[in-house]
Amino acid sequence: MTATGDVGQGDARRPAGELEAGVLAALWAAEAPLTPGEVQAALGGRLARTTVTTILTRLHDKGAVTRQRAGRGYAYTPTEDAPGLTARRMHTELAKEEDRSTVLARFVSQLSDEDEQLLRSLLEDSGGDGR
């Protein structure tokens, strides 16, 4: 905070998930596993290496990245592409609910006409089993 009580620009809180999204974007753009220092560099050095390491550890704990030994630390690789990760998050949220039918009905009712048609087409192409 400044002397006037205002929050400085560098102190502003980022929206939840923004840092993870940035780290994942750097990993998706890479052609090989990245160490925390390499991720930091890919992000333009605007985050501390310890912050990047913490984010990568959290992503690993969530199953969004895998890691392999690289010297004394780790190098990280995303487990899925962006659409796959979004689909997994949707499954995770759905699994939290007892009344899946109502959740799915409300989800579908909030789709745009185009997205609803796309979903219908995907279900028809998969034989209706959703797989």
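With sequence neighbours excluded, no residue forms a side-chain hydrogen bond (donor to acceptor under 3.5 Å, both in side chains) with Thr77. For Asp99, the side-chain hydrogen bond (donor to acceptor under 3.5 Å, both in side chains) partners at least two apart in sequence or on another chain are Thr102. The side-chain contact (heavy atoms from CB on, under 4.5 Å) test applied to Glu93 returns Lys96, not counting sequence neighbours. Under the rule for a side-chain hydrogen bond (donor to acceptor under 3.5 Å, both in side chains), Arg72 has no partner lying at least two apart in sequence or in another chain. Every residue two or more places apart in sequence or in another chain that forms a side-chain contact (heavy atoms from CB on, under 4.5 Å) with Ala48 is listed here: Thr50, Thr51.
Here the CG-CG distance, from Leu59 to Leu19, works out to 10.0 Å after rounding to the nearest 0.5 Å. A distance of 13.5 Å separates CG in Leu119 from CD in Glu114, rounded to the nearest 0.5 Å. Annotation: the span from His60 atom NE2 to Thr66 atom OG1 amounts to 7.0 Å, rounded to 0.5 Å. Atom CD of Glu116 and atom CD of Gln110 lie 12.0 Å apart (nearest 0.5 Å).
The closest side-chain heavy-atom distance from Leu24 to Val65 is below 4.5 Å. Side-chain contact between Leu56 and Arg67 is absent, with no heavy-atom pair separated by less than 4.5 Å.
Between Pro36 and the options Ile55, Thr54, Val52, Thr57, a side chain to side chain contact (heavy atoms under 4.5 Å, CB included) holds for only Val52.
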Show every donor-acceptor pair shorter than 3.5 Å between a side-chain atom in residues 25-35 and any protein atom, with sequence neighbours excluded, or say none if there are none.
unit_1, atom_1, unit_2, atom_2, d
Trp28, NE1, Glu80, O, 2.7
Thr35, OG1, Glu38, N, 3.2
Thr35, OG1, Glu38, OE1, 3.4

Decide side chain to side chain contact (heavy atoms under 4.5 Å, CB included) for Gln68 and Tyr74; before the verdict, give the C-alpha distance in whole Å, the side-chain angles of both, and the deciding distance to 0.1 Å.
CA-CA 5 Å; Gln68 60 192 42; Tyr74 294 99; 5.9 Å; no
Is there a side chain to side chain contact (heavy atoms under 4.5 Å, CB included) between Arg100 and Leu94 once you walk through the steps?
CA-CA 7 Å; Arg100 296 167 67 104; Leu94 184 59; 3.5 Å; yes
Which is it for Thr92 and Arg88 under the side chain to side chain donor-acceptor pair (under 3.5 Å) test, yes or no, and what are the steps along the way?
CA-CA 6 Å; Thr92 299; Arg88 182 156 41 120; over 6 Å; no
If you apply the rule salt bridge (charged side-chain N to carboxylate O under 4.0 Å, His left out), what do you find for Arg120 with Glu124, and how did you get there?
CA-CA 6 Å; Arg120 288 181 189 282; Glu124 289 169 6; over 6 Å; no
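A donor-acceptor pair under 3.5 Å is formed between the side chain of Thr86 and the backbone N or O of Ala82. In terms of modelled atom types and a separation under 3.5 Å, the side chain of Arg46 and the main chain of Leu43 share a donor-acceptor contact. In this structure, the side chain of Gln40 engages the main chain of Leu47 through a donor-acceptor pair within 3.5 Å.
Smallest separation of non-hydrogen atoms from Leu123 and Ser126: O-OG, 3.0 Å.
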